Amino acid sequence: MFDLKDTLTEMLADSIDRAREDGTLQLNKRPPVQLDIPKDSLLGDFASNLAMVLARDLKRSPLDIAKVVIDHLTDPEGLIDRCEVAGPGFINFFLKEDYWVRVLKDIEAKGDAYGKSALGKGSSVIVEFVSANPTGPLHIGHGRGAVVGDVLCRILDASGYQVSREFYVNDAGKQVKDLGRSVWFRYRQIFDSTVPFPSEGVYPGEYVLDIARQVQERYRDFYLSMAEDDAISKLSDFGCSVMLNGIRSDLEKMDVRFDRFFTEKSLYEQGKVQACISELKEKNLLLEEENGALVLRTSLFGDDKDRVLIKGNGDYTYFASDIAYHRDKLERGPDRLIDIWGADHHGYIPRMKSIIQVLGHDADTLKVLLIQMVNLLRDGKPVRMGKRTGEFVTLSEVLDEVGNDVARFFFLLRRSDSHLDFDLDLAKTESNENPVYYVQYAHARICSIFRQAWDKGIPVPASNDVNFDLLSLPEEKDLMRFLGTYPEVVEGAAMALEPHRIPFYLQELAARLHAYYFKHRIISEEQDKNLARLFLVGAVRTVIRNALNLLGVSAPEKM
RNA sequence: GCGCCCAUAGCUCAAUUGGAUAGAGCGUUGGACUACGAAUCCAAAGGUCGCAGGUUCGAAUCCUGCUGGGCGCACCA
């Protein structure tokens, strides 16, 4: 499939070369040739804007140039039916009839692999996502980040990148200590209800009580007699691991997996934060303030101001370990780093990028993807998510309510940098309004057709059994064309890091399938036609299934 | 005050990264089940792409200014 696009591109390039040699086009270098598949089939199977791009340099009209290009074109394989110059100067290629048939054969041959490519050429990328603090359960915003990250990894993987998925655990700072304190007070309250619960520096959520009860069940009154600091330290670890297990099981529920959970604590234990600071000191990038605080001069690399690494009281800031973590990632030698953050952290991008430079890499080695907020709606009204009160709907609850397929699809229905309203009522309707079912139904419908055919004794066709001349309806041509664009959609999603393109493609494909189905019978009395049409919808089924797989959404055979 | 993101049909959002007549879903109106699944389809109405300039063969997309909204600007985490 791509070989053909490549040969067309080469034919165009050759044409330019020939025109340069005989002096009709006076160019020093060969321009990049761009070939697109137009949205309207009346505009050809492929189109190039080449002539318009050249117009400026040559100071000649695009129409004129287009004509020259076409005149110099040779077509040894006889692929092209005709070329037209259209509109402001597009060169439109109309290929020999049987071209789109190749798409169907390609899908048959590749099966599950249709849509995969070698775009990334094996280059490696570390994707860090979710990285939620282990001080509370995941909420719906984490869910969005998890799904976007997961699907992005799947897309990159399918596009020939070597992907490593990582979850960074902030288990070394004040907040886990606060978690420990919170558990400590709740724990004591179990034994003595008069113990007051502080109003600051603690987590008020219900889940803290659960942790305290677990401590009491396992260790009885063991911690009551321990010195407060020691107890809190132990309970921090305990609480942290409980929360982390919860997070893991939520992710499991969503079928989101990681290659590695990287703990902040390990950075300190292995002296990596300290080593990192030494390196920065050697590079002469640190300043010491009067009160003893240590500051990194990120402002030399485009940041607004310098950033503190060690506070006046001797504590490390989170920024210090963040640097060490990214240094660790870079030292593993990936070609790229992708971080997926909540959009409220966008202010951290400049300082993080400056770090990448400080460590000797191009700032673009790190790409930060921002995930905008999710508004949970019920009965058309936003569900209040008070962090302070600890009152919120957890991701786990949403998953139990709407199911994984729906949750995933909904998270991917918008570009990740725009706000998302998650309508619980819409997500639960098993009807026409729900886009997930629309797509899944298309798949189930095709499966049903095959069952029907089987019952009537019609075999599942292979391309050798098919007379492709029988697939000549506009709807059929249109379907073939659209199936042919799928690999480019996946590549585009990989290059732009935009997973939402896949569900949009799926909805369009499903729409075309439904329209075709409604207008024309797949199974009739004409056996040859049966085989041809079954072969076509079989290809549609393969592509729907592949795309749904990419999203981690199931492709049901019955609904 | 400074910085980042957003503004497209009544609502929610797309637009092949600068391409041809800006497209879907929902909602509205009107139609289609004695044949493979109506969880479906067909048709109509609906637009000053926030406003004003600029860049060029060509702008929703790029540059500048303005308006309106979101979010950031810690020796917080």
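Source: prediction; values computed, not measured. Letters A, B, ... are given to chains in the order of the sequence lines, protein chains preceding strands, and every chain is numbered from 1. Computed from heavy atoms alone, side chains included, the values below leave out hydrogens, waters and symmetry copies.
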Q.
Only Watson-Crick and G-U wobble pairs, only distances under 3.5 Å, only runs of 3 or more: what stems does that leave for RNA chain B?
A.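 Looking at RNA chain B, the stems formed by three or more consecutive pairs are B:1-5 with B:69-73, B:10-13 with B:23-26, B:28-32 with B:40-44, B:50-54 with B:62-66.
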
Q.
Tell me whether the count of non-hydrogen atoms from other residues, nucleotides or ligands lying under 6.0 Å of CD in Gln274(A) goes above 12.
A.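 Buried by this count: over 12 neighbours within 6.0 Å.
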
Provide a list of protein-nucleic acid N or O atom pairs under 3.5 angstrom, restricted to nucleotides 32-34 of chain B.
none

Q.
Among residues at least two apart in sequence or on other chains, which ones pass side-chain contact (heavy atoms from CB on, under 4.5 Å) with Val402(A)?
A. Val398(A), Val406(A), Ala407(A), Phe422(A), Leu424(A), Ala427(A), Lys428(A)

Q: Return the set of residues passing salt bridge (Lys or Arg N to Asp or Glu O under 4.0 Å) with Arg481(A) (not counting sequence neighbours), or none when no residue passes.
A: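 Here the qualifying residues are Asp45(A).
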
Q: Return the set of residues passing salt bridge (Lys or Arg N to Asp or Glu O under 4.0 Å) with Asp178(A) (not counting sequence neighbours), or none when no residue passes.
A: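 Per chain and number, Asp178(A) pairs via salt bridge (Lys or Arg N to Asp or Glu O under 4.0 Å) with Lys174(A).
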
Q.
If we count only N and O atoms by modelled type, under 3.5 Å, do the side chains of Ser554(A) and Asp405(A) hold a donor and an acceptor together?
A. yes

Q: Classify the side-chain pair Gln175(A)/Asn170(A) by whether it contains a donor and acceptor separated by less than 3.5 Å.
A: no

Check whether any side-chain N or O of [X] sits under 3.5 Å from a backbone N or O of [Y] as a donor-acceptor pair, and report yes or no.
X	Y	value
His346(A)	Ala343(A)	yes
Arg307(A)	Arg297(A)	no
Glu264(A)	Ala172(A)	yes

Q: On RNA chain B, check which nucleotide each of Asp421(A) and Ser448(A) is closest to and give me the residue with the more 5' one.
A: Asp421(A)

Q. Where each residue is assigned the nucleotide of RNA chain B containing its nearest heavy atom, which of Leu42(A) and Met559(A) is assigned the position nearer the 5′ end?
A.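 Closer to the 5' end of RNA chain B: Leu42(A).
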
Just to confirm, is there a sub-4.0 Å distance from OP1 or OP2 of [N] to any side-chain nitrogen or oxygen of [X]?
X	N	value
His500(A)	A15(B)	yes
Tyr438(A)	A38(B)	no
Tyr437(A)	U40(B)	no
Lys174(A)	C75(B)	no

Q | NZ/NE/NH1/NH2 to OD/OE distance under 4.0 Å, Lys265(A) and Asp237(A) | A |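 Salt bridge present between Lys265(A) and Asp237(A).
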
Q | Salt bridge flag under 4.0 Å for residues Glu401(A) and Arg378(A) | A | yes

What's [X] touching, base or sugar-phosphate or nothing? Going by heavy atoms closer than 4.0 Å.
X	value
His443(A)	nothing
Ala515(A)	sugar-phosphate
Ala444(A)	base
Lys558(A)	base
Tyr318(A)	base

Q.
Using a 6.0 Å distance limit plus a 45 degree cone around the ring axis, check whether Arg82(A) lies over the aromatic ring of Phe94(A).
A. yes

Protein-nucleotides 16-20 of chain B N/O pairs under 3.5 Å:
unit_1	atom_1	unit_2	atom_2	d
U17(B)	N3	Arg501(A)	NH2	3.1
U17(B)	O4	Glu498(A)	OE1	3.3
U17(B)	O4	Glu498(A)	OE2	3.4
U17(B)	O4	Arg501(A)	NH2	2.4
G19(B)	N7	Asn49(A)	ND2	3.2
A20(B)	OP2	Lys39(A)	NZ	3.2
A20(B)	N6	Asn92(A)	OD1	3.1
A20(B)	N1	Asn92(A)	OD1	3.2
A20(B)	N1	Asn92(A)	ND2	3.2

Q) Where along residues 402-411 of chain A does a heavy atom come under 4.0 Å from RNA chain B, residue by residue in number order? A) none

Could you give the side-chain donor-acceptor pairs of residues 494-506 of chain A under 3.5 Å, partners two or more places apart or in another chain?
unit_1	atom_1	unit_2	atom_2	d
Glu498(A)	OE1	Arg501(A)	NE	3.0
Glu498(A)	OE1	Arg501(A)	NH2	3.1
Tyr505(A)	OH	Phe482(A)	O	2.9

Q | Minimum-distance nucleotide (side-chain atoms of Arg521(A) versus A35(B), U40(B), C42(B)) | A | A35(B)

Can you check nucleotides 4-7 of chain B for protein contacts, nitrogen or oxygen pairs under 3.5 Å, and list what you find?
unit_1	atom_1	unit_2	atom_2	d
C4(B)	O2	His346(A)	NE2	3.4

Q. Hey, is the side chain of Asn291(A) pairing donor to acceptor with the base of C75(B) inside 3.5 Å?
A.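 Result: at least one qualifying N/O pair found.
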
**Q.** side-chain hydrogen bond (donor to acceptor under 3.5 Å, both in side chains) partners for Ser159(A), two or more places apart
**A.** none

Q: Return the set of residues passing ring pair (Phe, Tyr, Trp, His ring centres under 6.0 Å) with Tyr268(A) (not counting sequence neighbours), or none when no residue passes.
A: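 Testing Tyr268(A) for ring pair (Phe, Tyr, Trp, His ring centres under 6.0 Å), a comparison that skips the adjacent residues, returns Tyr316(A).
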
Q. Just one of Glu475(A), Glu476(A), Glu526(A) clears the salt bridge (Lys or Arg N to Asp or Glu O under 4.0 Å) bar with Arg533(A), so which one?
A.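 Result: among Glu475(A), Glu476(A), Glu526(A), Glu476(A) is the only option passing the salt bridge (Lys or Arg N to Asp or Glu O under 4.0 Å) with Arg533(A).
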
Q: In whole angstrom, give the distance that lies between atom NZ of Lys67(A) and atom P of C57(B).
A: 22 Å

Q: Just grab all the salt bridge (charged side-chain N to carboxylate O under 4.0 Å, His left out) pairs involving residues 439-457 of chain A, residues at least two apart or on different chains.
A: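 For residues 439-457 of chain A, and leaving out neighbouring residues, there are no salt bridge (charged side-chain N to carboxylate O under 4.0 Å, His left out) pairs at all.
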
